[in-house]
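Here the structure comes first, spelled out in structure tokens, and everything after it is commentary.
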Amino acid sequence: MMLMYSTTPITVHSWVPGSENKEFISLQAAIEYAGKHIDELPAIEILIRTGAHRYVIIWGDQLAALVRRVCVLNRGKASQGH
């Protein structure tokens with residue numbers, strides 16, 4: 001499942017001046033990273049490679065919704081001792 005692991009890097013691209021792109025092996029890790037930079041969220045997009053020079057781009061409201069969902073799931077697991 002792509003949420004957990006990917007064979008290609010998933011890139012978190014930030015348009016904030018001076019910030020670097022970060023690569024992850026899971027969509028979940030990329031979303032968690034974006035959540036840690038919630039104040040910069042309007043300038044962040046997640047790029048998922050789907051083939052030669054093709055990407056799925058997650059940004060804006062869609063990315064904000066995923067961050068909320070993943071962060072809520074992680075808080076729930078942490079409170080259960082996982």
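Reckoned from all heavy atoms, side chains included, excluding hydrogens, waters and symmetry mates.
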- [ ] Kindly determine whether K22 and T11 satisfy side-chain contact (heavy atoms from CB on, under 4.5 Å), including the steps that lead there.
- [x] CA-CA 6 Å; K22 302 283 185 184; T11 304; over 6 Å; no
Per-pair distances, 0.1 Å, donor-acceptor, side chain in residues 12-21, under 3.5 Å, sequence neighbours excluded:
residue: H13; atom: ND1; partner: N21; partner atom: OD1; Å: 2.8
residue: H13; atom: ND1; partner: N21; partner atom: ND2; Å: 3.3
residue: S14; atom: OG; partner: V16; partner atom: N; Å: 3.2
residue: S14; atom: OG; partner: S19; partner atom: OG; Å: 3.1
residue: W15; atom: NE1; partner: E45; partner atom: OE2; Å: 3.3
residue: S19; atom: OG; partner: V16; partner atom: O; Å: 2.6

- [ ] Report yes if the side chains of L63 and L41 come closer than 4.5 Å at any heavy-atom pair, otherwise no.
- [x] yes
- [ ] Looking only at non-hydrogen atoms, find the nearest pair between L27 and I10 and report the distance.
- [x] N-CD1, 3.4 Å
Task: hydrophobic_cluster_shared for L47 and I25, side chain cutoff 4.5 Å - done: no
- [ ] Decide whether V67 and Y33 are clustered together by the hydrophobic rule: side chain heavy atoms of Ile, Leu, Val, Met, Phe, Trp, Tyr closer than 4.5 Å, transitively.
- [x] yes
Open item on the list: Is any side-chain heavy atom of I46 closer than 4.5 Å to one of I31?
Closed with: yes
- [ ] Would you kindly confirm whether V70 and I48 end up in one hydrophobic cluster when ILVMFWY residues are joined by side chain heavy atoms under 4.5 Å apart?
- [x] yes
Task: Qualifying ring-ring contact (aromatic ring centres under 6.0 Å, His included) pairs, either residue in residues 46-70, two or more places apart - done: none
Open item on the list: Test of understanding: clusters of I, L, V, M, F, W, Y form through side-chain heavy atoms closer than 4.5 Å, transitively. Do L66 and I38 belong to the same one?
Closed with: yes
- [ ] With sequence neighbours left out, write down each residue that passes salt bridge (Lys or Arg N to Asp or Glu O under 4.0 Å) with E23, or none if nothing qualifies.
- [x] R49
